[in-house]
Amino acid sequence: MSETTAFVKVQDASCWFDVSAPWLERVLKRRPRIQLKAVNGVSFSLQKGETLALVGESGCGKSTVARLLVGLYEATGGYIEFDGQPISKLRTREGKHLRQRLQMIFQDPYASLNPRWRVARIIAEPLKVHGRMSRAEREARVDVLLEQVGLSPSDRNRYPHQFSGGQRQRISIARALAANPEFLVCDEPTSALDVSVQAQVLNLMKRLQRELGLTYLFISHNLAVVHHVADRIAVMYLGKIVELATRDELFERPRHPYTRMLLSAIPDTSGAGKQRVPVAGEVPNPLNPPTGCPFHPRCPYARDICRNEMPATLPDGATLVACHGVQQGWIPDSDAEATAVATSAR
C-alpha cells in the first residue's frame, strides 16, 4: 500500500505504562522503575473503505492500539496520523472536528452504555457534544439511526437493561454512527455475543460499511470471525505485529509459527481432519519479556539467533513477517511438515 494514500497511518507506535511501586516505597526499598510495554513499535496503515483486522491472544496489546487510535491513550513513541493529521490533535480543542470523524465500538455492550439513560439520550449525546443539530433534528436523527441498525424508533424511550446483548451492541453502533464518522475502531464488538447474534452484527457492520463508505480497524482474537470481514489481517504477539497479509494470503499460506498456531485452533467442521500445530508454553510475562524474538520460548523452530536478536519485519512475497526462520528459510512451508517438526520438538 502506498503510504502517500494511507487514510490511517501508524508508524512505530509504542505505549508504555509505569507500573512501579509508589515513589516512597521505591526510595526506601531502592526498587527500580518498572514499565509495561503494552505496545512496542507497531506499524500499519489503512486505505479508505478498507477493513484491517488486528488479531492475537488476550494481552497482546490489541485494545491498547485501539485506544491509541481514538486518543484515549497517549503514545509513548512513534506517531499516528488520521487523514494526514496527527492523532495527538484529538486531545486539543482544535481536534474537536477530527473526533467526529473517528469513533469506537467497545467490546462489552453491557458496560459501554449508561444504564441510567434512555436509548434516545445515549445515541443523541455525540450530536449534542458536537453541537451540530437542534433538538428536533437530533430527535429525528436518533430515529433514523435506530432503523439503520435494525431497531425500531419506538425503542428510543427504553433503557439498556431492557434489551438483549445483540440489541445493546446495535445501540452502541448507532451511537458510534451518530456524528457521521469515516473511521470506526471496533474493539472485539462481537466477542460478548452468542454465535448466532455475532453473525447478525457482523452482517450489519458489513452492510453499513458498503452503504456509508466506512473504514474499519476490527480487533478480535477469533480468526474465524475476521475471515468474514477483513481485507487484510495483522497478527500481534506481545505488543508487536509479527505478520501482516491479505486475508486470503494469510489463510492460504501463513508464514509465522504463531499465525499457524492461531489458525490450527479454529474448529474444523468439514470432517476432513486438519493438521494441528502444537505449541507449548504460555504467553510470557510482558513485564519480563524474553530476549530476541518474543515468540521463541514457544516456537518449535527457534534457534540461537531467535533467542538473541529481535527479527526485523521484512516482506516475504506480499506478506510482511517478523521471523528469522521465514526470512532465512528453515521453517517448513507446508502444514504437514510444520506439524511433524513441531510434534518431534515437543
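In this text the structure is predicted, and so the values were computed from the model without any measurement.
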Notebook entry, point to check: Do Tyr110 and His161 have ring centroids that are under 6.0 Å from one another?
Noted result: no
Item checked: Residues, nucleotides or ligands: over 12 heavy atoms within 6.0 Å of Gln328 CD -> yes
Margin query: So, using salt bridge (Lys or Arg N to Asp or Glu O under 4.0 Å) as the criterion, who are the partners of Glu139 when residues are at least two apart?
Written below: Arg156
Next item on the list: Could you walk me through whether Ser220 and Glu188 pass side-chain hydrogen bond (donor to acceptor under 3.5 Å, both in side chains), step by step?
Entry: CA-CA 5 Å; Ser220 179; Glu188 303 204 41; 5.1 Å; no
Note to self: Can you give me the closest heavy-atom contact between Ser134 and Glu137, atom names plus distance?
What the structure shows: N-OE1, 2.9 Å
Margin query: Test of understanding: clusters of I, L, V, M, F, W, Y form through side-chain heavy atoms closer than 4.5 Å, transitively. Do Val55 and Leu202 belong to the same one?
Written below: yes
Item checked: Within-4.5 Å side-chain heavy-atom neighbours: Cys299 and Pro257 -> yes
Next item on the list: Take Ser191 and Gln107 through the test side-chain hydrogen bond (donor to acceptor under 3.5 Å, both in side chains) and record every step on the way to the result.
Entry: CA-CA 7 Å; Ser191 63; Gln107 176 178 354; 3.1 Å; yes
Notebook entry, point to check: Tell me, do Tyr159 and Asn114 make a side-chain contact under 4.5 Å, heavy atoms counted?
Noted result: no
Check: Taking 4.0 angstrom as the limit, do Arg175 and Glu125 come out as a salt bridge?
Finding: no
Margin query: Listing request: all salt bridge (charged side-chain N to carboxylate O under 4.0 Å, His left out) pairs with a residue in residues 102-119, at least two apart in sequence or in separate chains.
Written below: none
Notebook entry, point to check: When you measure from the side chain of Thr259 to the backbone N and O of Pro254, does any donor-acceptor pair fall under 3.5 Å?
Noted result: no
Check: So, Arg67 and Asp187, do they make that salt bridge, N to O below 4.0 Å?
Finding: yes
Check: Can you find a heavy atom in the side chain of Val226 that is under 4.5 Å from one in the side chain of Leu223?
Finding: yes
Notebook entry, point to check: Under 4.5 Å between any side-chain heavy atoms of Leu102 and Leu184, yes or no?
Noted result: no
Margin query: Do Glu57 and Met261 make a side-chain contact, defined as non-hydrogen atoms from C-beta onward lying under 4.5 Å apart?
Written below: yes
Counting only pairs under 3.5 Å, give me each side-chain donor-acceptor contact of residues 308-318, with atom names and distances, residues two or more places apart or in other chains.
from, atom 1, to, atom 2, distance (Å)
Asn308, ND2, Asp304, O, 3.0
Asp316, OD2, Arg255, NE, 2.6

Next item on the list: Determine the sole option in Leu145, Leu146, Asn157, Leu113 for which the side-chain contact (heavy atoms from CB on, under 4.5 Å) test with Val119 is passed.
Entry: Leu146
Next item on the list: Any chance you could measure Gln148, atom CD, to Ile173, atom CD1, to the nearest 0.5 Å?
Entry: 10.5 Å
Next item on the list: Please tell me if the side chains of Phe183 and Leu214 come closer than 4.5 Å, counting only heavy atoms from C-beta onward.
Entry: no
Margin query: Do Leu68 and Ile87 have side chains that approach each other closer than 4.5 Å (heavy atoms only, starting at C-beta)?
Written below: no
Next item on the list: Evaluate the side-chain proximity of Leu263 to Phe251: yes if any heavy-atom separation is below 4.5 Å, no if none is.
Entry: yes
Item checked: Short side-chain donor-acceptor distance under 3.5 Å, Glu147 and Ser152 -> no
Margin query: Rounded to the nearest 0.5 Å, what separates atom CD in Gln35 from atom OG in Ser20?
Written below: 7.0 Å
Note to self: On a heavy-atom basis, which atom in Leu52 and which in Ser45 lie closest, and how many Å separate them?
What the structure shows: CD2-O, 4.4 Å
